[in-house]
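Values in this document were obtained by computation on a predicted structure and should not be read as measured data.
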Amino acid sequence: MSITETARNFFEACEAGKGWDTCKTWCTDDASFACQSGALADTVTLEGYTDWMKGLFTPIPDGRYDLKGFAADEGRNTVLAYGIFRGTHTGEGGPLPPTGKSLAADYVYSMEFEDGKIRHMTKIWNDGHSLAQLGWA
């Protein structure tokens, strides 16, 4: 399987809230994670991130993504995915009771590979903008 196919499978599973039990298929056991955002400041493993995404579907049960771009740099063993995550806070969970407010959050995943599996992912995302859209900040 190419890194492009691996990244696509991982992206689709992660963005559908499948969690680590499904996503680990495409990752190294110790895959790391980074994101310069307050909401994910303590999340340092890809396992933690995929399970965080799974949990997001409780307060935002209609969560979905709109994939805008997908590119592989085979020479650098990196795949980039740009999407917009959309959804409405109608479920229980989050810092407040359901607000009924929606978000459209731009983000990029930068997935780095080792031996055909994701070994590190960086998420580029403005959490402050997303939290404000949902009425959480």
[X] [atom1] to [Y] [atom2] distance, which is reported to the nearest 0.5 Å:
X	Y	atom1	atom2	answer
Lys123	Trp52	NZ	CH2	5.0 Å
Thr25	Met1	OG1	CE	9.5 Å
Asp21	Thr50	CG	OG1	8.5 Å
Gln133	His89	CD	NE2	14.0 Å
Thr88	Lys101	OG1	NZ	12.0 Å

Cluster check [X], [Y]: I/L/V/M/F/W/Y, side chain < 4.5 angstrom:
X	Y	result
Tyr82	Ile124	yes
Phe57	Leu134	yes
Met53	Ile84	no
Leu96	Leu131	yes

Quick one: does [X]'s side chain get under 4.5 Å of [Y]'s, heavy atoms only?
X	Y	result
Ile3	Glu74	yes
Leu40	Phe33	yes
Phe113	Ile118	yes
Tyr107	Glu15	yes
Phe10	Leu46	yes
Asp66	Arg64	no
Trp20	Cys27	yes
Tyr65	Glu12	yes

If I compare all heavy atoms of [X] with all of [Y], which pair ends up nearest, and what's the gap?
X	Y	answer
Thr43	Gly48	CG2-C, 3.8 Å
Glu92	Thr58	O-CG2, 3.1 Å
Ile60	Gly87	CG2-CA, 3.6 Å
Val79	Ala72	CG2-CB, 4.0 Å
His120	Thr122	NE2-OG1, 3.0 Å
Tyr109	Cys14	OH-SG, 3.7 Å

Exercise. Do the side chain of Asp127 and the main chain of Ser37 share a donor and acceptor less than 3.5 angstrom apart?
Worked result: no
Exercise. Is the backbone N or O of Gly19 less than 3.5 Å from a side-chain atom of Thr22, with the two atoms forming a donor-acceptor pair by type?
Worked result: no
For this session: Identify, with sequence neighbours excluded, every residue that meets side chain to side chain contact (heavy atoms under 4.5 Å, CB included) alongside Thr28.
Result: Asp30, Ala31, Lys117, Arg119
Problem set entry | Check: Ser130/Trp125 side-chain N/O donor and acceptor closer than 3.5 Å | yes
For this session: Count the heavy atoms of every other residue, nucleotide or ligand shown that sit under 6.0 Å from NZ of Lys54, and state whether that count exceeds 12.
Result: no
